[in-house]
Amino acid sequence: MKKYQCLVCGYVYDEAAGVPEDGIAPGVKWEDVPEEWECPECGVSKADFEMIEAE
């Protein structure tokens, strides 16, 4: 499972955790997150995220 960080606010999308409050179940891979999904912290698009190294 990978993690992707918002380049604007630093929010981290963790594939293992998902975003249940946005209807994205734990285990959903980044490429399967809908294109219209926005950062829950600042509202930017998926294009403004980049993969980061897992701790």
Side-chain angles (χ1 to χ4, degrees):
M1 302 262 92
K2 297 176 180 147
K3 294 181 181 182
Y4 295 81
Q5 185 170 34
C6 177
L7 298 172
V8 176
C9 73
Y11 173 84
V12 174
Y13 174 78
D14 182 347
E15 291 179 337
V19 189
E21 58 272 19
D22 282 355
I24 302 171
V28 173
K29 294 196 176 299
W30 182 246
E31 56 267 17
D32 296 329
V33 172
E35 286 303 317
E36 63 274 4
W37 181 80
E38 298 175 340
C39 176
E41 295 292 318
C42 70
V44 299
S45 71
K46 278 181 67 178
D48 291 307
F49 279 74
E50 69 177 12
M51 187 172 40
I52 58 173
E53 295 298 318
E55 291 100 45

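This is a predicted model, so every value here is computed, not measured.
Criterion: ILVMFWY side-chain heavy atoms under 4.5 Å apart, direct or through other members. Under it, Met51 and Trp30 are part of a common hydrophobic cluster.
The closest side-chain heavy-atom distance from Phe49 to Val33 is not below 4.5 Å.
Screening residues 28-50 for salt bridge (charged side-chain N to carboxylate O under 4.0 Å, His left out), with sequence neighbours left out, gives Glu35-Lys46. For residues 12-28, every residue pair satisfying the side chain to side chain donor-acceptor pair (under 3.5 Å) rule, not counting sequence neighbours, is listed here: Asp22-Trp37.
In this structure, Cys9 and Cys39 approach most closely via the heavy-atom pair SG-SG, 3.7 Å.
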